[in-house]
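Let me begin by presenting the structure, written as structure tokens, before commenting on it.
Just so you know, these numbers come straight off a predicted model, no measurement behind them. Hydrogens, waters and symmetry mates play no part in the numbers below; they use all other heavy atoms, side chains included. Ligands are counted one by one from 1 in listed order, and the atoms in each one are counted from 1 as well.
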Amino acid sequence: MAEPKRYGAIITAVERYLPDKIVTNHDFEQILDTSDSWIRERTGIVERRLLEGKPTSFMAAQVARRLLARRQLDPAEVELIIVATITPDMFFPSTACLVQDQIGAGRAWAFDLSAACSGFVYALATGAQFIESGTHRRVMVIGADKMSAIMDMQDRSTCVLFGDGAGGVLLERSAESGMGMLDFEMHVDGSGCEYLHMKGGGSLVPASHESVDQRLHYIRQEGRAVFKFAVIRMAQVSLSLLARNGLKPGDLALFVPHQANLRIIEATAERMHLARDKVMVNIDRYANTTGGTIPIALSEACEQGRLKRGDLLLMTAVGGGLTWGSALFRWAV
Ligand code: UT7
């Protein structure tokens with residue numbers, strides 16, 4: 001059980017932004033040696049959204065504006081903006097800085113957090129610290145990725161898996177005990193870099209004609225290795241976090257897992273002996289939006305009325321790094 005906290009970090013608003021353009025599995029059939037049935041059966045994905053002509057910060061800023069509107073807040077009331085992304089608009093300044101400017105949050109400081117598909121849960125854990133310590137009252141945590149910017153449209157084993165989208169939450173201070181973020185558990189196994197990475201464009205392989213010719217500016221993944229890792233680790237970290245808080249999966253009202261593959265989600269739920277109706281799934285419509293999956297799914301779950309005050313919520317992710325982690329909340333609104 002975690003130590004009692006000075007303040008609770010509660011989620012007071014959840015929002016999402018998905019681009020309008022829908023790309024179906026059938027669209028991929030036109031350009032690749034793939035099929036709707038292969039993609040559906042292996043991943044659960046039916047379609048995904050793609051953002052055209054705009055960068056990641058556009059989606060993140062849309063989420064930020066919607067969060068402010070939902071809480072009827074002035075941008076000046078936001079103190080910190082964290083954007084979890086692996087597809088920033090540019091290396092620097094951070095996408096969070098661009099969002100801060102776009103929404104006019106003149107008093108906020110801002111930074112990006114890079115943990116691939118675990119980015120949003122990492123950012124939640126990070127943002128909550130500033131609330132719980134009493135230094136901040138309002139922190140925006142946004143997960144946003146334009147995966148189409150790094151998808152290799154000639155690589156059928158990766159490009160069909162991803163989509164573009166963003167979601168986010170507003171974390172606020174609460175004096176009520178036992179509400180909001182209860183605990184989290186985060187992990188890294190850096191030796192897993194070889195299984196999921198984008199090699200080009202950084203200091204290891206700066207952009208050059210050769211790096212472009214070698215298609216190094218795209219995501220590369222050893223799907224089978226990541227799949228096995230994800231199934232084991234997502235269940236393990238979820239059960240570990242629940243157990244150390246004296247809880248069982250049956251105590252959860254909602255489990256929001258990272259949406260990378262329906263088979264990973266189902267295998268995780270099975271290992272946790274979690275009833276299907278407690279597991280949020282929307283991968284069929286959006287595919288894997290990396291930093292976006294969990295807040296997008298959470299926002300849809302809220303809209304469907306799947307959380308009420310006092311409910312226990314668990315969010316769990318695994319991704320490049322390899323990174324994985326889980327965050328446990330008691331819903332407060
Ligand atoms: O969020 C970050 C974490 N990422 C993940 O969680 C992804 C984890 N991995 C996966 O979701 C799965 O491993 C994949 C969906 C990527 C692949 O499914 P799989 O059941 O592991 O298939 P596989 O990679 O073992 O490939 C099976 C076959 C191969 O053909 P051969 O070698 O058996 O002849 C692939 O070439 O399927 C072929 N294949 C495809 N066929 C049609 C791979 N991609 C496609 C495709 N369409 N798009």
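- Closest to atom 39 (N) of ligand 1 among all protein heavy atoms lies W38 CZ2, 3.4 Å.
- Comparing heavy-atom distances from atom 46 (C) of ligand 1 across T323, I265, T34 singles out T34 as nearest.
- Using the six-membered ring where Trp is involved, H136 and W109 have ring planes that are tilted, between 30° and 60° apart.
- Protein non-hydrogen atoms do reach within 4.0 Å of atom 41 (N) of ligand 1.
- Side-chain heavy atoms closer than 4.5 Å link hydrophobic residues (I, L, V, M, F, W, Y) into clusters, and following such links, possibly through other members, connects V226 to I86.
- There is a protein heavy atom less than 4.0 angstrom from atom 20 (O) of ligand 1.
- Among residues at least two apart or in separate chains, side-chain hydrogen bond (donor to acceptor under 3.5 Å, both in side chains) pairs with a member in residues 192-209 are S208-E210.
- Residue contacts with ligand 1 for A230 are absent, since no atom lies close enough (heavy atoms, distance under 4.0 Å).
- Contacts with ligand 1 closer than 4.0 Å are made by no heavy atom of T158, backbone or side chain.
- Every atom of ligand 1 is numbered from 1 in the order shown, and the set under 4.0 Å from a heavy atom of R42 is 19 (P), 20 (O), 22 (O), 27 (C).
- Between the choices E29, E222, R156, R224, the shortest heavy-atom distance to atom 30 (O) of ligand 1 belongs to R156.
- With a 4.0 Å heavy-atom cut-off, ligand 1 is reached by the side chain of L161 but not by its N, CA, C or O.
- Surrounding CD of E222 are more than 12 heavy atoms belonging to other residues, nucleotides or ligands, all under 6.0 Å away.
- The single protein non-hydrogen atom nearest to atom 5 (C) of ligand 1 is Q221 OE1, 3.5 Å, given as residue, atom name and distance.
- Counting protein heavy atoms under 4.0 angstrom from atom 32 (O) of ligand 1 gives zero.
- Y7 meets the ring pair (Phe, Tyr, Trp, His ring centres under 6.0 Å) test with no other residue; sequence neighbours excluded.
- Contacts between L32 and ligand 1 below 4.0 angstrom, taking non-hydrogen atoms only, are absent altogether.
- For atom 48 (N) of ligand 1, the nearest protein heavy atom lies closer than 4.0 Å.
- The proximity of N261 to ligand 1, defined as any non-hydrogen pair under 4.0 Å, is limited to the side chain.
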